[in-house]
A.B. asks: 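The structure under discussion is supplied below as C-alpha cells; questions concerning it will follow.
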Amino acid sequence: MPNPPATNAIQIRHATADDVEMIFQLLQPYVEAQILLKRDRDDIFQHLQEFLVAERQQQLIGAVCTHIYSKHLAEIRSLAVASSAQQCGVGRELVAACEAQMRILGIEQLFALTYVTDFFLRQGYRIVSKESLPHKIWTVCVHCPHFSNCDEVAVEKAL
Ligand SMILES: CC(C)(COP(=O)(O)OP(=O)(O)OC[C@H]1O[C@@H](n2cnc3c(N)ncnc32)[C@H](O)[C@@H]1OP(=O)(O)O)[C@@H](O)C(=O)NCCC(=O)NCCS
C-alpha cells in the first residue's frame with residue numbers, strides 16, 4: 001500500500017512580509033534568554049531577504065538568517081526552532097537550506113557564533129578561533145550584552 005501523505009512534513013521556504021510578526025515572536029524568548037541577538041520587527045523587515053523559515057502544518061516553527069560579508073564568508077544568524085518542535089530535525093534542515101543557498105551564490109564559508117557548539121559539529125562545522133574572523137563581523141555584536149566578554153564559540157564550515 002502507498003504511504004499516506006506526510007502531514008508532518010517540514011517545509012523550508014523564503015520568508016515573506018507576512019512572516020515578520022511570527023519570526024519576531026519565535027526569536028523573542030531566545031533574545032530574552034540572551035541566547036540570540038535582539039532583533040526588532042523593523043530589523044527583521046530590513047533583512048527579510050536573508051531569512052528562511054520552516055513550516056509544519058501551516059505553522060511557522062523555525063527561522064534562520066544568512067548574512068553575507070564577502071565571497072569568502074557568510075554568517076548564520078538568528079537560528080531558532082520553536083521549543084515545541086525541537087529535536088525533530090528542523091534546525092538541521094534550516095542550516096542545510098542556508099548552506100545550499102550560499103553554495104548557489106558562490107559563497108565559500110559559513111560561520112556562526114553559538115552556544116550550541118555540538119549541534120553545529122554534528123552538521124560538519126569545526127571550531128575556529130574568534131580572532132580568525134574578520135573585524136567587520138563584530139559590528140552587530142556591539143548590541144549584545146556579552147560584547148565585552150563574549151563567551152560564544154565560533155564554528156565554520158567550508159561549502
Ligand atoms: C539549536 C536549535 C536550533 C536546534 O534545533 P533542533 O531542531 O532542535 O535541532 P535538530 O533536531 O535539527 O538536531 C540536529 C542534531 O543536533 C542535535 N542537537 C539539537 N540541539 C542540540 C543542542 N542544543 N546541543 C547539542 N546537540 C543538539 C540533535 O540531537 C540532532 O543530532 P543527530 O544528528 O545525532 O540526530 C534549537 O535548539 C534552538 O532553537 N535553540 C535556541 C536558539 C539557539 O541556540 N540557536 C542557535 C544560535 S547559533
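Scope of the values below: all heavy atoms of this structure, side chains included, with no hydrogens, waters or symmetry mates. Just follow the structure's listing: the first ligand is 1, and inside any ligand the first atom is 1.
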A.B. asks: For G89, counting its heavy atoms only, list the atoms of ligand 1 lying under 4.0 Å from any of them.
C.D. replies: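 Contacts of ligand 1 toward G89, numbered from 1: 10 (P), 11 (O), 12 (O).
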A.B. asks: Specify the protein heavy atom at minimum distance from atom 45 (N) of ligand 1: its residue, its atom name, and the distance to 0.1 Å.
C.D. replies: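 The answer is L79 O, 2.8 Å.
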A.B. asks: Which of the atoms of ligand 1 are close to A80, meaning less than 4.0 Å from one of its heavy atoms?
C.D. replies: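 Under 4.0 Å from A80, ligand 1 has these atoms: 39 (O).
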A.B. asks: Report, in ascending order of atom number, the atoms of ligand 1 lying under 4.0 Å from any heavy atom of F120.
C.D. replies: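 Listed by number with element, the hits are 48 (S).
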A.B. asks: Spell out, as yes or no, whether a donor-acceptor pair under 3.5 Å connects the side chain of Q123 to the backbone of R92.
C.D. replies: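 No, Q123 side chain to R92 backbone: no donor-acceptor pair under 3.5 Å.
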A.B. asks: Side chain, backbone, both or neither: which applies to F119 and ligand 1 if a contact is any heavy-atom pair less than 4.0 Å apart?
C.D. replies: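 Both of them.
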A.B. asks: Same cluster or not: are L52 and F119 linked, directly or through other Ile, Leu, Val, Met, Phe, Trp or Tyr residues, by side-chain heavy atoms under 4.5 angstrom apart?
C.D. replies: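 The answer is yes; both residues are in one hydrophobic cluster.
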A.B. asks: For ligand 1, which atoms sit closer than 4.0 Å to a heavy atom of L36?
C.D. replies: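 Answer for ligand 1: 45 (N), 47 (C).
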A.B. asks: More than 12 heavy atoms of other residues, nucleotides or ligands under 6.0 Å from NE2 of H67: yes or no?
C.D. replies: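 Buried by this count: over 12 neighbours within 6.0 Å.
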A.B. asks: Residue-level breakdown please: for V81 versus ligand 1, do any non-hydrogen atoms fall below 4.0 Å on the side chain, on the backbone, on both, or on neither?
C.D. replies: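 Looking at V81 and ligand 1, atoms from backbone and side chain both fall under 4.0 Å.
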A.B. asks: For ligand 1, which is the ligand I care about here, please tell me if E93 has any N or O atom under 3.5 Å from one of the ligand's N or O atoms.
C.D. replies: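 No: no nitrogen or oxygen of E93 is under 3.5 Å from one in ligand 1.
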A.B. asks: Counting non-hydrogen protein atoms only, what is the nearest one to atom 30 (C) of ligand 1? Give residue, atom name and distance.
C.D. replies: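 I find the closest protein heavy atom is R92 NH2, 3.8 Å.
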A.B. asks: Any atom of ligand 1 sitting under 4.0 Å from a heavy atom of A112?
C.D. replies: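 No.
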A.B. asks: Side chains of C65 and R39, heavy atoms from C-beta outward: is any pair under 4.5 Å?
C.D. replies: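 Contact flag for C65/R39 side chains = yes.
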A.B. asks: In the protein, what heavy atom is nearest to atom 44 (O) of ligand 1, and what distance, to one decimal place, separates them?
C.D. replies: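 Of every protein heavy atom, I35 CG2, 3.3 Å lies nearest to atom 44 (O) of ligand 1.
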A.B. asks: For atom 36 (C) of ligand 1, find the nearest protein heavy atom and state the residue, atom name and distance (0.1 Å precision).
C.D. replies: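 Ranked first by proximity to atom 36 (C) of ligand 1 is Q86 NE2, 3.6 Å.
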A.B. asks: Please list the nearest protein heavy atom to atom 31 (O) of ligand 1 with its residue and the distance rounded to 0.1 Å.
C.D. replies: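 Going by distance alone, atom 31 (O) of ligand 1 is nearest to R122 CD, 3.3 Å.
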A.B. asks: Applying the side chain to side chain contact (heavy atoms under 4.5 Å, CB included) criterion to L94, which one of V53, I12, I10 satisfies it?
C.D. replies: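 The residue from V53, I12, I10 that satisfies side chain to side chain contact (heavy atoms under 4.5 Å, CB included) with L94 turns out to be I12.
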A.B. asks: What is the closest protein heavy atom to atom 7 (O) of ligand 1, and at what distance does it sit?
C.D. replies: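 Sorting protein heavy atoms by distance from atom 7 (O) of ligand 1 puts G91 N, 2.8 Å first.
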A.B. asks: Of all the heavy atoms in Y115, does at least one lie under 4.0 Å from an atom in ligand 1?
C.D. replies: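 It does not, in that no heavy atom of Y115 comes within the 4.0 Å cut-off of ligand 1.
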A.B. asks: If you take the nearest heavy atom of each of E75, R77, Q87, which one is closest to atom 28 (C) of ligand 1?
C.D. replies: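 Residue with the shortest heavy-atom distance to the ligand atom: Q87.
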A.B. asks: Counting each atom of ligand 1 from 1 as listed, which ones have a heavy atom of Q123 under 4.0 Å away?
C.D. replies: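 Ligand 1 atoms under the 4.0 Å threshold to Q123: 14 (C), 15 (C), 16 (O).
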A.B. asks: What do you reckon, does L113 put a non-hydrogen atom under 4.0 Å from ligand 1?
C.D. replies: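 Yes.
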A.B. asks: Is the shortest side-chain N to carboxylate O distance from D151 to K130 below 4.0 Å?
C.D. replies: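 No, no charged N to carboxylate O under 4.0 Å.
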A.B. asks: Check for a donor-acceptor pair, side chain of D43 on one end and backbone N or O of D40 on the other, with a separation under 3.5 Å.
C.D. replies: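 Pair absent, no side-chain N/O of D43 close to backbone of D40.
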A.B. asks: Which atoms form the tightest heavy-atom contact between A80 and L27, and what is the distance?
C.D. replies: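 Taking every non-hydrogen atom into account, CB-CD2, 3.7 Å.
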A.B. asks: Distance under 4.0 Å to a non-hydrogen atom of C88: what atoms of ligand 1 satisfy this?
C.D. replies: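 Listed by number with element, the hits are 11 (O).
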A.B. asks: What closest approach, in Å, do L26 and P29 show between heavy atoms, and which atom pair accounts for it?
C.D. replies: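 Closest heavy-atom pair between L26 and P29: O-CD, 3.4 Å.
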A.B. asks: Does the side chain of K157 come within less than 4.5 Å of Q109's, by heavy atoms?
C.D. replies: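 The answer is no, as the side chains (C-beta and beyond) never meet within the 4.5 Å cut-off.
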A.B. asks: Heavy-atom contacts with V90 under 4.0 Å: which atoms of ligand 1 show up? List them by number with element.
C.D. replies: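 Near V90, meaning under 4.0 Å from one of its heavy atoms, ligand 1 has 7 (O), 12 (O).
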A.B. asks: State, yes or no, whether a side-chain contact exists between I23 and F51 at a heavy-atom distance under 4.5 Å.
C.D. replies: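 In contact.
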A.B. asks: Taking all non-hydrogen atoms of both residues into account, name the closest pair between L133 and A154 and its distance.
C.D. replies: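 L133 and A154 have their closest heavy atoms at CD1-CB, 3.8 Å.
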A.B. asks: When you compare the side chain of Y125 with that of V95, does any pair of heavy atoms fall below 4.5 Å?
C.D. replies: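 In short, these two side chains touch, coming nearer than 4.5 Å.
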A.B. asks: T114 heavy atoms, cut-off 4.0 Å: which ligand 1 atoms fall inside?
C.D. replies: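 Those of ligand 1 that fall under 4.0 Å from T114 are 48 (S).
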A.B. asks: Looking only at protein heavy atoms, identify the closest one to atom 23 (N) of ligand 1 and say how far it is in Å.
C.D. replies: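 Looking only at protein heavy atoms, the one closest to atom 23 (N) of ligand 1 is V116 CG1, 3.4 Å.
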A.B. asks: Just so I know, are the side chains of V155 and T114 near enough to count as touching, which here means a heavy-atom distance under 4.5 Å?
C.D. replies: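 With C-beta onward as the side chain, the pair touches.
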A.B. asks: Would a search of protein heavy atoms around atom 19 (C) of ligand 1 find one under 4.0 Å away?
C.D. replies: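 Protein heavy atom within 4.0 Å of atom 19 (C) of ligand 1: present.
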